[in-house]
Amino acid sequence: MCLGVPMRVTRIENDTAICEIDGVRREASLMMVDGVEVGDFVLIHAGFAIEKIDPEEAELTLKALREALDMGLVPE
């Protein structure tokens with residue numbers, strides 16, 4: 001199963017975004033998404049930002065992921 005995770009962009013260097021959520025920081029390529037700015041939420045999958053998403057959608061998705069982790073879901 002593939003899972004994209006919403007993350008907030010904290011810095012952009014060339015075509016790479018530095019993203020963070022819950023203290024976890026990752027780099028992601030921005031080659032598939034235009035118009036991303038610092039502070040935006042993007043959906044990250046396999047090292048790529050695949051979609052820019054609105055903050056409300058990001059928070060709903062993160063809430064569902066956190067609840068699943070609290071229920072014992074273990075990421076592979």
Side-chain angles (χ1 to χ4, degrees):
M1 180 172 87
C2 298
L3 181 65
V5 177
M7 300 185 83
R8 182 185 304 267
V9 176
T10 60
R11 194 171 70 223
I12 296 174
E13 298 174 0
N14 300 316
D15 288 334
T16 301
I18 311 302
C19 304
E20 189 272 334
I21 203 71
D22 292 347
V24 176
R25 189 172 292 168
R26 295 285 186 266
E27 291 184 0
S29 172
L30 294 173
M31 68 182 290
M32 298 173 64
V33 183
D34 291 326
V36 175
E37 298 179 6
V38 171
D40 287 343
F41 276 91
V42 289
L43 195 59
I44 304 296
H45 177 68
F48 291 88
I50 57 174
E51 183 179 1
K52 185 175 164 181
I53 58 175
D54 68 71
E56 292 85 19
E57 181 180 353
E59 289 301 331
L60 286 173
T61 302
L62 289 168
K63 180 181 176 191
L65 289 172
R66 290 174 183 129
E67 288 174 356
L69 291 170
D70 288 344
M71 292 173 47
L73 173 74
V74 178
E76 294 180 13

Neighbour count >12 (heavy atoms, 6.0 Å) for atom [atom1], [X]:
X   : atom1 : value
R66 : CZ    : yes
D70 : CG    : yes
E20 : CD    : yes

Practice task
Report yes or no: does K52 contribute a side-chain atom to a donor-acceptor pair with the main-chain N or O of G35 at less than 3.5 Å?
Solution key: yes
Handout entry: Check: D54 side chain, E56 main-chain N or O, donor-acceptor pair, under 3.5 Å
Key = yes
Practice task
From the options L65, I44, L60, select the one residue that forms a side chain to side chain contact (heavy atoms under 4.5 Å, CB included) with P6.
Solution key: L65
Which atoms form the tightest heavy-atom contact between [X] and [Y], and what is the distance?
X   : Y   : result
V33 : A49 : CG2-O, 3.1 Å
I12 : V38 : CD1-N, 4.0 Å
I21 : M7  : N-CE, 3.7 Å

Do [X] and [Y] have side chains that get closer than 4.5 Å, going by heavy atoms?
X   : Y   : result
I18 : R25 : yes
C19 : V5  : no
F41 : E59 : yes

Problem - CE on M32 to NE2 on H45, rounded to 0.5 Å - result: 9.0 Å
Problem - Atom pair OG1 (T16) and CE (M31), whose distance is rounded to the nearest 0.5 Å - result: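 Atom-to-atom, T16:OG1 and M31:CE are 10.5 Å apart.
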Exercise for the section: Assess whether side chain to side chain contact (heavy atoms under 4.5 Å, CB included) is satisfied between L43 and T61, documenting all intermediate values. Expected result: CA-CA 10 Å; L43 195 59; T61 302; 5.5 Å; no
